[in-house]
Amino acid sequence: MKFLTPLLLICSLAASEVTRAQPLVSPPAPVSNPTEAASGLALASPWLRDGWDDGLAEVAEYDLQQFRYGNLHPGSAVMIAVRESMDAQRRVKATPAAAAAAAAAAAAAAAATTVPVLKLHWTRNFQTGVYRYDQSSFQLVRRANGIPLRWLITSQEWCGAAGKSWVNGGPLRVSSYFDGHGDVEQPLTLGDNAVPADSLWWWARAWVAAGAKPMDLRLVPSQIEARCVDPTPVPASITSKVGQMRDPLGSSEIPVVHVTVQHGTFTDRLTIAADARHALLRWQQADGSILVLRDLRRFDYWAKHDPTDRPTGP
């Protein structure tokens with residue numbers, strides 16, 4: 001009988017997995033928001049186009065010192081970049097079946113069905129006193145010119161949770177636990193020269209790959225917060241200079257590009273490797289937070305979900 005109890009528990013867990021899977025429903029009707037109307041600062045860059053068609057993801061892990069409550073708090077961050085096909089009407093990742101159907105259709109029909117994009121996902125986790133923050137910024141970005149087509153933001157900590165959703169051409173929708181911020185729509189239009197500050201971790205890399213020419217632009221203030229933040233783009237400039245830096249993944253000095261983004265009295269400083277992949281090595285954000293590269297891999301992380309795939313070590 002003592003061996004029966006674990007077996008019953010396993011069966012119960014298996015049944016609960018099935019139960020959780022049953023409520024899935026078919027996707028709703030597509031939205032009518034053509035991608036052709038999407039605005040933003042167009043950037044034709046080799047970083048967006050090349051090196052992503054091997055079907056693998058770039059996974060970069062960072063040591064984080066996050067500024068909050070007047071202090072720097074330890075944490076970690078992960079930045080993931082991988083190619084995807086986006087459903088042009090729903091502005092979400094296309095299912096394999098939809099992507100296959102588009103590939104089998106005529107070229108014109110396929111172009112109207114899916115859009116080649118990069119999925120760019122930044123997560124950060126940090127500890128403040130006794131409680132932890134888990135936040136993320138997820139974007140689907142057109143590979144042809146780097147314009148974000150879909151943006152999702154989440155923020156969770158002990159006080160509560162919040163989410164933000166934006167489809168290019170529409171408002172920024174906020175759902176938050178904060179008083180007065182519960183269900184709000186904020187206007188957000190990029191025009192032809194704006195970039196979200198939360199995109200700098202990949203946009204600066206694409207800009208360096210495109211030649212790193214100094215330019216004026218506008219920057220949407222960081223939105224990775226549970227509260228509403230004014231999303232009105234502010235004037236900014238981006239410049240660079242070449243230099244050397246100790247490789248955070250090794251011991252040698254390597255060529256780098258130091259990027260400075262000035263917006264008002266605030267400054268973001270990013271250090272990017274000068275090789276073909278233009279890895280982000282260090283990012284000192286405008287609020288004083290610092291990210292330093294700890295590990296960089298290319299692999300199919302979505303296939304590594306078994307207990308044997310878990311990281312080992314202290």
Side-chain angles (χ1 to χ4, degrees), residues 27 30-31 33 35 38 40-62 76-103 110-111 113-125 134-155 163-170 172 190 195-207 209 220 222-224 277-280 283 291 293 295-305:
V31 297
N33 197 347
T35 58
L41 179 55
L43 182 66
S45 172
W47 188 85
L48 295 164
R49 299 191 309 267
D50 304 334
W52 301 106
D53 293 321
D54 58 1
L56 302 178
E58 178 190 87
V59 180
E61 299 180 55
Y62 293 82
S76 61
V78 179
M79 297 174 180
I80 298 170
V82 62
R83 67 125 189 239
E84 295 283 6
S85 293
M86 188 193 77
D87 184 310
Q89 292 181 299
R90 292 188 173 92
R91 302 287 186 95
V92 294
K93 172 184 172 180
T95 63
T113 304
T114 62
V115 178
V117 294
L118 288 183
K119 179 174 73 177
L120 298 161
H121 193 193
W122 168 30
T123 69
R124 70 184 188 189
N125 320 97
D134 296 281
Q135 300 176 316
S136 72
S137 170
F138 170 97
Q139 291 185 359
L140 295 177
V141 173
R142 186 187 280 128
R143 288 180 69 178
N145 56 15
I147 290 178
L149 302 175
R150 160 75 76 173
W151 189 11
L152 298 171
I153 295 168
T154 63
S155 179
K164 300 181 181 182
S165 176
W166 179 72
V167 172
N168 198 317
L172 178 67
L190 298 183
V195 174
D198 298 313
S199 302
L200 286 177
W201 68 271
W202 66 263
W203 193 89
R205 297 171 65 186
W207 176 77
V220 178
S222 175
Q223 298 295 311
I224 308 185
R277 290 312 307 149
H278 304 296
L280 174 63
W283 182 10
L291 298 96
L293 184 65
D295 188 44
L296 180 65
R297 293 180 288 165
R298 288 186 66 86
F299 70 111
D300 54 342
Y301 70 85
W302 50 88
K304 310 297 182 184
H305 46 60

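- For the pair M79/L291, a side-chain contact is recorded, criterion being any heavy-atom separation below 4.5 Å from C-beta on.
- Closest approach of G40 and L190 over heavy atoms only: CA-CB, 3.7 Å.
- Shown here for I80 and A57, the closest heavy-atom pair between the two residues is CG2-CB, 4.4 Å.
- Y62 contributes a side-chain N or O that, together with a main-chain N or O of L280, makes up a donor-acceptor pair within less than 3.5 Å.
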- Worked verdict on W122 versus I224 for side chain to side chain contact (heavy atoms under 4.5 Å, CB included): CA-CA 10 Å; W122 168 30; I224 308 185; 3.5 Å; yes
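- R205 places a side-chain N or O within 3.5 Å of a backbone atom of H278 that can act as its donor or acceptor partner.
- The NE2 atom of H121 lies 3.5 Å from the OG atom of S136; values are rounded to the nearest 0.5 Å.
- Atom-to-atom distance recorded for D134:CG and N125:CG is 4.5 Å, nearest 0.5 angstrom.
- Between W203 and W207, the angle of the ring planes stays under 30°, which puts this pair in the parallel group of the 30/60° scheme.
- Side-chain atoms of L56 and D300, non-hydrogen and from C-beta on, do get closer than 4.5 Å to each other.
- A44 and R49 make their closest contact through C-NH1, 4.0 Å (heavy atoms, listed as atom of the first residue, atom of the second, distance).
- The two residues T114 and S85 come nearest to each other via the heavy atoms CB-CB, 4.2 Å.
- Nearest approach of L293 to A60, heavy atoms of both residues: CD1-CB, 4.0 Å.
- Separating the CD atom in Q135 from the OG1 atom in T123 is a distance of 10.5 Å, to the nearest 0.5 Å.
- The line from CG of D198 to CG of L120 is 12.5 Å long, rounded to the nearest 0.5 Å.
- The side-chain heavy atoms of S137 and W201, taken from C-beta on, include no pair separated by under 4.5 Å.
- Considering all non-hydrogen atoms of both residues, W151 and P196 come closest at CH2-CB, 3.7 Å.
- Using modelled atom types, one side-chain atom of R143 and one backbone atom of L48 make a donor-acceptor pair closer than 3.5 Å.
- Relative to the ring axis of W202, R277 does not place its NZ or CZ within 45° and under 6.0 Å from the centre.
- Interatomic distance, CG of L118 versus CE of M86, reported as 12.0 Å (0.5 Å rounding).
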